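One structure below.
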Amino acid sequence: MWLFATENMSSDPARVRFAPSPTGYLHLGGARTALYNFLFARQTGGQMLLRIEDTDRKRFQSAAQEQLIDSLRWLGIRWDEGPDVGGEFYPYIQSERADLHREYAYELVKSENAYLCFCDTNQLQTQQTTHGGYDGHCRHLAPSNARKRAESGEQHVVRFRTPKQGSVTVHDFLRGEITVGNAQLEDFILLKSDGFPVYHLAAMVDDHTMGITHVIRGEEWLPSLPKHAMLMRAFGWTEPIWCHLSVLKKPGGKGKMSKRDSQPLDKTSGHSIFIDDLRKFGYLPEAIINWMALMGWSLDDHQEDFTIADLQQTFSLKKLNPSPATVDFSKLDYFQGKHMRLLPAGEVAAGIKPYLQHTGLDPDDATLLRIVPLIQERLITFDDAPKWAGFFFSANVSPDPADLIAKKLNQSESLDVLQHVYRSLAALPSLKHESVEQALRSLSERLGIKLGQLLSPVRVAVSGQRVSPPLFNTLEILGKQVTLQRIKNAIKLLKEQ
RNA sequence: GCCCCCAUCGUCUAGGGGACCAGGACGUGGCCCUUUCAAGGCCAAGACCGGAGUUCGAAUCUCCGUGGGGGCACCA
């Protein structure tokens, strides 16, 4: 047991949260953050919360929340509290908690840690150009006066009063002390003029009231960490443990991966940064999890195969890597192939069926199950199935006559091979792979050519392609009638050349 | 422009002062196996960003530089 002792084992159960904004589909960066939060919660025997950060009504997308939940679930990430499963701290949709946020904002106004600001957009714009930001115009208004203006209906926001002197120091679990001069921080907005809280306020109020112990989130939040810490401190709350994950860089390593990069990545390459796309392309959640877990985290210098259950055992915040990682899809394919080979045959059959159907074929389950052993280790994604197994189900194949000519054989020699193969297969009562193998091996000896040379035209004849699953089994599944018919057709094609 | 973070093979990483002329994995090249393609096995090439310190000793600690990244909204 001591072997596995980590800082997590000895600490109390953690309460963590994944708090996406419903502005788009779940992508790798978000999924990885969710994963790490989930793993950490499980590792410590704590809870994971899902909270929807939708205080920006302008960017709200109604479908996004369901999409998000769907992708997360598909990956196998679970949460103990959330908008869909409820929980003690309901609601978990931030916009529904706005009253609470407002209350806390005004508590800060009362304690003079915040104040009302009446500047309009125009004023702010000029301040931006002349002063490089908000100039503190309303910072020193008399509170009573400000209250009167607000009560008379004048539009206003609530701003946090950041100290002008000194600096803030915040501790990040992975990066240590981070100190920023207060001069860098302007009096940021807490409550918008529509009465909705800004993220900084809402998230801190929710984190505190929901009992969050560790904030594990992306590095893009690091610059606002001082604000968050200041808020927590102004309320007199104890800060959670802050842990900022590195960003994921897009393939090629130039720049942070972002939602806008989806276009050049998908379709053509069969890759995408969106979980939902990956799913459509026929990837396995197990593979994606294994791959994502290793982008920014590692257990040691040799183990790299992990199931999500393994990760729940071994994950630790301490082994997180603070430097950015570049997304590498070739490694995803590697893990995908591995997990594909681990799948029970029935699941492979069920997985590839829709992809075959999508190409207009009508595969039956029994045949599918016989084919799976032949193609399973050759598949990367389910989407690869049509190219490996499509010819089993199509009515006929149309080989390129040039492909029917084996390497180092000319046309008439290849024709000769096909005709011999036809005769010896026709002589068999049925095409059991053992008897096919025996027949063709002895035929190749008789003809004095290599087995590979003999098989090549046959392979093309029956599958229509140069590369196929192992041939003897293929012929058995295809059956005598179809096999002979396709060879006959190939012979005809070659003769016409 | 200002602020912050990061820095080991092409990529993901191990490494927390001597165990490192730096280990593993993906990818790449070669060989083996072989019925094409895979899978598998073996081998190879391939990195501590630079410069000053600290130290008997630095990939590991400090500083400066450089490079990369992130952030500067009544977005999250």
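Convention: sequence-line order gives letters A, B, ...; per-chain numbering from 1. It should be emphasised that the depicted structure is a prediction, and the values quoted were computed from it without experimental measurement.
In this structure, a donor-acceptor pair under 3.5 Å is absent between the side chains of A:Tyr92 and A:Asp206. A:Ser330 and A:Asp333 are not linked by any side-chain donor-acceptor pair at a separation below 3.5 angstrom, with hydrogens and angles left out of the test.
One finds the CG atom of A:Leu471 at 12.0 Å from the CD atom of A:Glu476 (value rounded to the nearest 0.5 Å).
Across residues 184-194 of chain A, A:Gln184, A:Ile189, A:Lys192, A:Ser193 each have a non-hydrogen atom less than 4.0 Å from an atom of RNA chain B (numbered order).
Remark: the separation of the P atoms in B:G24 and B:A7 is 23 Å, to the nearest Å. Atom P of B:G70 sits at a distance of 29 Å from the matching atom of B:C26, rounded to the whole Å. Here, B:A25 and B:A39 have their P atoms 16 Å apart, quoted to the whole Å. Taking atom P in both B:A58 and B:G18, one finds a spacing of 11 Å when rounded to whole Å. Distance check on atom C1': B:G67 versus B:C48 gives 16 Å, rounded to whole Å. B:U11 and B:G27 are spaced 16 Å apart, taking the P atom of each and rounding to whole Å. Taking the C1' atoms as reference points, B:C42 lies 23 Å from B:U35, given to the whole Å. Between B:A59 and B:U13, the two C1' atoms lie 14 Å apart (nearest whole Å).
Between A:Leu225 atom CG and B:C4 atom C1' there is a gap of 10 Å when expressed in whole angstrom units. Residue A:Ile380 contributes atom CD1, which lies 12 Å from atom C1' of B:C26 at whole-angstrom precision. Distance A:Asp333 CG to B:A25 P: 19 Å, rounded to the nearest Å. The CD-P distance, from A:Gln376 to B:G40, rounds to 13 Å in whole Å. At whole-Å resolution of the value, NE2 in A:His200 and C1' in B:C75 are 9 Å apart. At whole-Å resolution of the value, CG in A:Asn290 and C1' in B:A25 are 11 Å apart. For A:Glu219 and B:G68, the CD to P distance is 16 Å, given to the nearest whole Å. Nucleotide B:A7 holds its C1' atom 15 Å from the CG atom of A:Leu174, rounded to whole Å.
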Pairs: protein N or O with nucleotides 29-35 of chain B N or O, under 3.5 Å:
unit_1: B:U35; atom_1: OP1; unit_2: A:Arg441; atom_2: NH2; d: 3.0
unit_1: B:U35; atom_1: O2; unit_2: A:Arg459; atom_2: NH2; d: 2.7
unit_1: B:U35; atom_1: N3; unit_2: A:Leu471; atom_2: N; d: 3.3

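A distance below 6.0 Å separates the ring centres of A:His271 and A:Phe329. Checked against the 6.0 Å centroid threshold, A:Phe315 and A:Trp297 count as a close aromatic pair. Here the two rings, on A:Trp291 and A:Tyr283, have centers that are 6.0 Å apart or farther.
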Within the 4.0 Å limit for protein heavy atoms, which parts of nucleotides 43-49 of chain B are touched? Write it as a string from 5' to 3', B for base, S for sugar-phosphate only, - for none. -------
For a quick check, with a 4.0 angstrom heavy-atom cut-off, what is the B/S/- contact string for nucleotides 9-20 of chain B, read 5' to 3'? --SBSSS-----
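Pairing partner, B:G46: none, since no Watson-Crick or wobble contact has both distances short of 3.5 Å. In this structure, B:C31 forms a base pair with B:G41, meeting either the Watson-Crick or the G-U wobble geometry with both donor-acceptor distances under 3.5 Å. Using Watson-Crick or G-U wobble geometry with both donor-acceptor distances under 3.5 Å, B:A52 finds its partner in B:U62. In this structure, B:A19 forms no base pair with any nucleotide, since neither Watson-Crick nor G-U wobble geometry is met with both distances under 3.5 Å.
The phosphate of B:G40 (OP1 or OP2) has a side-chain N or O of A:Arg341 nearer than 4.0 angstrom.
Not a single ring-ring contact (aromatic ring centres under 6.0 Å, His included) links A:Tyr334 to another residue, sequence neighbours left out. Remark: A:Arg149 pairs with A:Glu154 by the salt bridge (charged side-chain N to carboxylate O under 4.0 Å, His left out) rule, at least two apart or across chains. Checked against side-chain hydrogen bond (donor to acceptor under 3.5 Å, both in side chains), A:Glu239 has the following partners two or more places apart in sequence or in another chain: A:Arg233, A:Trp242. Residues passing the side chain to side chain contact (heavy atoms under 4.5 Å, CB included) test with A:Ala105 are A:Leu191, A:Leu201, sequence neighbours excluded. Scanning for salt bridge (charged side-chain N to carboxylate O under 4.0 Å, His left out) contacts around A:Asp194 gives A:Arg57, with sequence neighbours left out. Residues satisfying the side-chain hydrogen bond (donor to acceptor under 3.5 Å, both in side chains) criterion with A:Ser468, sequence neighbours excluded, are A:Arg459.
Base engagement by A:Trp221 is indicated by at least one non-hydrogen atom pair under 4.0 Å involving a base atom. Contacts of A:Val247 with the nucleic acid, taken as non-hydrogen atoms under 4.0 Å apart, involve only primed sugar atoms and P, OP1 or OP2. Among the protein residues, A:Tyr334 comes within range of the sugar-phosphate backbone only, with heavy atoms under 4.0 Å from sugar or phosphate atoms but none that close to a base.
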Test A:Arg217 against A:His244 for side chain to side chain donor-acceptor pair (under 3.5 Å), laying out the working first. CA-CA 5 Å; A:Arg217 49 152 41 167; A:His244 291 83; 2.9 Å; yes
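When distances are taken from the side chain of A:Trp388 to each of B:C5, B:A76, B:C37, the shortest belongs to B:C37.
Between A:Tyr199 and A:Trp221, the ring planes lie parallel to each other; the angle is under 30°, not in the 30° to 60° tilted range.
Applying the side-chain hydrogen bond (donor to acceptor under 3.5 Å, both in side chains) rule to pairs touching residues 183-192 of chain A yields A:Tyr115-A:Asp187, A:Arg139-A:Asp187, A:Thr162-A:Asp187, sequence neighbours excluded. Under the salt bridge (Lys or Arg N to Asp or Glu O under 4.0 Å) criterion, the residue pairs touching residues 334-345 of chain A are A:Glu304-A:Lys338, A:Asp305-A:Lys338, with sequence neighbours excluded.
Looking at A:Arg175, its side chain has no donor and acceptor atom pair within 3.5 Å of the base of B:C5.
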